[in-house]
Amino acid sequence: MQVNANFYGGNIEVVGTTPEKDVLLEIRPDPTPGFRQWWYFSISSAPDEIKRLVITNAEQTLVPMGWPGYQAFRSLDNATWSRVPTSYAEGRLVIEHSQDAGPAWYAYFPPYLEAHRDRLLAFCRADARVSVSALAQVGPDDALDLVEIGSEAPDALHVWAVCRQHPGEVQANWWADGFLRRLLDPADADALSVLRRARLHVVPNMNPDGSALGNLRTNASGANLNREWMAPSLERSPEVFHVRAAMHASGVNAFLDIHGDEALPYVFIDGCERLVSFTPKQDALQRAFGAAFRQASPDFQQVHGYPDDKDTKVNLTLASKYVGHAFGCLALTLEMPFKDNADLPDPEVGWNGERSKRLGAAVLEPLLAVLPEL
Ligand code: ZN
């Protein structure tokens, strides 16, 4: 039996095996202790050698509430993923291992790999309207990519979307893929309308080195980027430093910060309504965006979300709160589930990469709806 996590985004450590044919595993933490939840590895075993994969430190993860009701992902080709029977009891996540011959891959969520990134950027570069640039070099191998398209008129509206500040929340990268592919579709009238009036600035992966390392929340330096927006530094959080500077250079009329939520089985947005600086205009925009988003995608809902007293709702170190406060604009955090959308469940795959892409595509409609008011 061989377990391997020594590849892009990989995370797991083998603790041992048992006579009952269990493989005991532990999720490795980020450089900042306490942050662990993402895992992704491959396993090769002889037929009948292994029965179950047991993550023994599931209770010590950042969000243990993420495990009840969660079903793990498995792939036989590292490309097509489906859910497998999984249970959570006594602090351990137990995944049933199939006896198929050949290697299998297991992951918390279908990974968005370097090949996906390369294909998306090649698709963007092939469009003469698009500018793809490296906003910064983060670590020796990891560029912070920025994709820009749309009006270059002096009065163009500036819409920013920042995805995957938290590297374990790979839904956000899938979302960016779907968002950009629809935005660049020359036959899509909604996309053409948005691009005629606005300039779009999209960061598909805000945390490239953390993604490569298989981290949950932090970059390679151990910084949780979504707590760095008040005072980013070149040493600790260069990603936020550079993106924030570019936002102040362009101005911001609307901002989307894309995430995944471990516990809630719903798609939801978190706005700026608790900030003391929140204006009636921001309030109207938030409501209009939410209403149009519900129309555009039944995957989006506004019944379930963060409680009103959650401390992050007034914390200006978070991207959407900082931007909403600094620019007085529409600024939202968008959360997608790891489990499923409980309103529209899919027993085969639950919420997955493809569904995240479709949600990214669907966001064009609420964006178009609020554009005249931005
Ligand atoms: Zn997040």
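All ligand and atom numbering here is 1-based and tracks the order in the structure. Quick caveat: nothing in here was measured; it's all calculated off a predicted structure.
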_Backbone or side-chain N/O/S of Glu169 under 2.8 Å of the Zn ion (ligand 1)_ = yes
*In His166, which N, O or S atom comes closest to the Zn ion (ligand 1)?*
ND1
_Restricting to N, O or S, what is the name of the atom of His259 that lies nearest the Zn ion (ligand 1)?_
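Result: ND1.
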Thinking salt bridges, do [X] and [Y] make one under a 4.0 Å N-O criterion?
X      : Y      : answer
Glu49  : Lys21  : no
Arg52  : Glu20  : no
Lys313 : Glu273 : yes

_Any side-chain to backbone donor/acceptor pair from Lys357 onto Asn173? Under 3.5 Å, distance only._
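Side chain of Lys357 to backbone of Asn173, a donor-acceptor pair under 3.5 Å: no, none is there.
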